[in-house]
Amino acid sequence: MNLWTRAVRAELRKFLTTRLWWGMAIAVLVSGAAFALLFAFVFTSAAVEGPQGAGAPTTDGALAKSVFTGGLQIGYLLTLSIGVLTIGSEYRHQTITATFLAVPRRVRVMTAKVAALLVIGAFYGVLSLAGAVGAGSIALSAKGHAPFADGTIWRTLALSLLVLGLWALIGLGAGILIPNQVAALLISVAVAWIVEPVLGLVLALTDWGKSVSPYLPSRATTAMLDTSTGGFDNQPVAQLSWWAGALVLTAYAVAMAGLGTWRTVRADVS
């Protein structure tokens, strides 16, 4: 077993020896199931399916995608937080010094953290989808809709795993670039949950902003999962293709993790 593999296992062991992992696991599983039921109920209600329901999914395939990924926004906020805490807690409790003494090459440490976060993100993705697909399939079937009417649903489910891993890497970068752990956590969640989505809506209302809005992280995530329904406000919103959305979100993750790694390699640690 080489040193890098040992470093990855050490990062996973750090995470799994805390109470955080199972608390997050329960939250991801429950939120996935709860949001799937909520979206299934809303999108199949008479008010939404009727004449006033413009913007709702119009096919069983689109409906299933929206239902199965309904809780993913909560899921990626949780993995974003995990990314921040993965490095922030080490600086806060000064265990980063011991980490770098055990593995002197900092680049190896950071790439091990990146690999571990991708694994953690995929793990939580599986839990989220287990709850969402299980509850969502039952709800859709009860309403007379086919849960797996479209083959692209499987692509969306697979990309959901990648989405959570990429948002964890964005959190890793934020946790390094913002020195205070609490501030990094609050700022990251606030920007991802409130500021950036609102900014995207505002930009979509302007002529020049319509070309910028699709490249924001939340819009790229929606495009990647192919779950946009056009919005209930009936405003046409440009959306990237699923593969372009995946490239954009990957670019954000690489940029944030890369900047964080660069800063960690160059900074003094005591």
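The structure presented is a predicted model; accordingly, all values stated were derived computationally and were not measured. Note that the numbering runs from 1 along the sequence shown for the chain.
Cluster membership for Ile170 and Val191, using ILVMFWY side-chain heavy atoms within less than 4.5 angstrom, is not shared. Follow the hydrophobic side-chain contacts under 4.5 Å out from Val126 and you reach Val67 in the same cluster. Both Leu12 and Val109 belong to a single network of hydrophobic side chains, linked directly or stepwise wherever heavy atoms of I, L, V, M, F, W or Y lie under 4.5 Å apart. Note: the hydrophobic cluster containing Val30 also contains Leu78 (ILVMFWY, side chain heavy atoms under 4.5 Å, direct or indirect links). Leu129 and Leu29 fall into different hydrophobic clusters, where Ile, Leu, Val, Met, Phe, Trp and Tyr side chains are chained together by heavy-atom contacts under 4.5 Å.
Using modelled atom types, no side-chain atom of Ser137 and backbone atom of Gly134 make a donor-acceptor pair closer than 3.5 Å. In this structure a side-chain-to-backbone donor-acceptor pair under 3.5 Å is present from Ser66 to Ala62. The backbone N or O of Ile138 lies less than 3.5 Å from no partner atom in the side chain of Ser141, so there is not a single donor-acceptor pair. Between the side chain of Tyr124 and the main chain of Trp21, a donor-acceptor pair closer than 3.5 Å is present. At least one donor-acceptor pair under 3.5 Å links the side chain of Thr206 to the backbone N or O of Gly209.
The shortest non-hydrogen separation linking Ala174 to Met256 is N-CE, 3.5 Å. Closest heavy-atom contact between Pro147 and Ala64: O-CB, 3.2 Å. Residues Thr18 and Trp22 come closest through the heavy atom pair O-CD1, 4.2 Å. Between Gly175 and Ala184, the closest heavy-atom pair is CA-CB, 4.2 Å. Residues Thr69 and Ser160 approach most closely at CG2-OG, 3.8 Å, considering heavy atoms. Closest approach of Leu77 to Val189, counting heavy atoms only: CD2-O, 4.3 Å.
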Worksheet item: Would Thr59 and Asp150 satisfy side chain to side chain contact (heavy atoms under 4.5 Å, CB included), going step by step from the backbone distance to the final call?
Response: CA-CA 9 Å; Thr59 65; Asp150 189 340; 5.8 Å; no
Discussion item. For a side chain to side chain contact (heavy atoms under 4.5 Å, CB included) check, start with the C-alpha distance between Leu166 and Tyr252, then their side-chain angles and the critical distance, and finish with the verdict.
Written reply: CA-CA 8 Å; Leu166 292 178; Tyr252 277 110; over 6 Å; no
Discussion item. Is there a side chain to side chain contact (heavy atoms under 4.5 Å, CB included) between Met110 and Ile176? Walk through the geometry before answering.
Written reply: CA-CA 11 Å; Met110 296 307 298; Ile176 298 172; 3.4 Å; yes
Discussion item. Under the criterion side chain to side chain contact (heavy atoms under 4.5 Å, CB included), I'd like the reasoning laid out for Thr97 against Glu90: C-alpha separation, chi angles, the key distance, then a yes or no.
Written reply: CA-CA 8 Å; Thr97 302; Glu90 291 226 49; over 6 Å; no
Fill in: Lys14 and Thr99: CA distance, side-chain angles, deciding distance, side-chain hydrogen bond (donor to acceptor under 3.5 Å, both in side chains) verdict
CA-CA 11 Å; Lys14 287 178 188 177; Thr99 298; 3.0 Å; yes
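The environment of CZ in Arg92 is sparse: at most 12 heavy-atom neighbours from other residues, nucleotides or ligands sit within 6.0 Å.
Within the 4.5 Å cutoff, the side chain of Val103 has no heavy atoms near those of the Trp4 side chain. Considering only heavy atoms from C-beta on, Gln239 comes within 4.5 Å of Thr222 through its side chain. Looking only at side-chain heavy atoms (C-beta outward), Thr44 and His145 come within less than 4.5 Å of each other. Between Trp193 and Tyr76, the closest side-chain pair of non-hydrogen atoms is not below 4.5 Å. In this structure the side chain of Leu169 reaches within 4.5 angstrom of the side chain of Leu118, judged on heavy atoms. Leu117 is not listed as a side-chain neighbour of Glu11, based on a closest heavy-atom distance of 4.5 Å or more. Looking only at side-chain heavy atoms (C-beta outward), Phe39 and Phe68 stay at 4.5 Å or farther from each other. Side-chain contact between Arg6 and Leu3: present, with at least one pair of heavy atoms (C-beta onward) separated by less than 4.5 Å.
Here Trp167 contributes atom CH2 and Leu172 contributes atom CG; the two are 14.5 Å apart, rounded to the nearest 0.5 Å. A distance of 8.5 Å separates CD1 of Ile153 from CG of Asp60, quoted to the nearest 0.5 Å. Of the inter-residue distances, the one linking Leu161 atom CG with Leu127 atom CG reads 10.5 Å to the nearest 0.5 angstrom. To the nearest 0.5 Å, atoms CZ (Phe100) and CZ (Arg105) are separated by 14.5 Å. Here the straight-line distance linking atom CZ of Phe35 with atom OG of Ser128 works out to 10.0 Å at 0.5 Å rounding. To the nearest 0.5 angstrom, Ser213 atom OG is 7.0 Å from Leu201 atom CG.
Taking Ile, Leu, Val, Met, Phe, Trp and Tyr as hydrophobic and joining them when side-chain heavy atoms fall under 4.5 Å apart, one finds Val265 in a cluster with Val107.
Checking each of Val8, Ile87, Thr264 against Lys113 for a side-chain contact (heavy atoms from CB on, under 4.5 Å) leaves exactly one that passes, namely Ile87.
If you check the side chains of Thr152 and Lys65, you find a donor sitting under 3.5 Å from an acceptor. In the model, Gln181 has no side-chain atom that pairs as donor or acceptor with a side-chain atom of Ser89 under 3.5 Å.
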Can you give me every donor-acceptor pair (side chain of residues 241-251, partner residue at least two apart or in another chain, under 3.5 Å) with its distance?
unit_1	atom_1	unit_2	atom_2	d
Ser241	OG	Trp243	NE1	3.0
Ser241	OG	Ala244	N	3.4
Thr250	OG1	Ala246	O	2.7

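A search for ring pair (Phe, Tyr, Trp, His ring centres under 6.0 Å) contacts involving Trp154 returns Phe148, not counting sequence neighbours.
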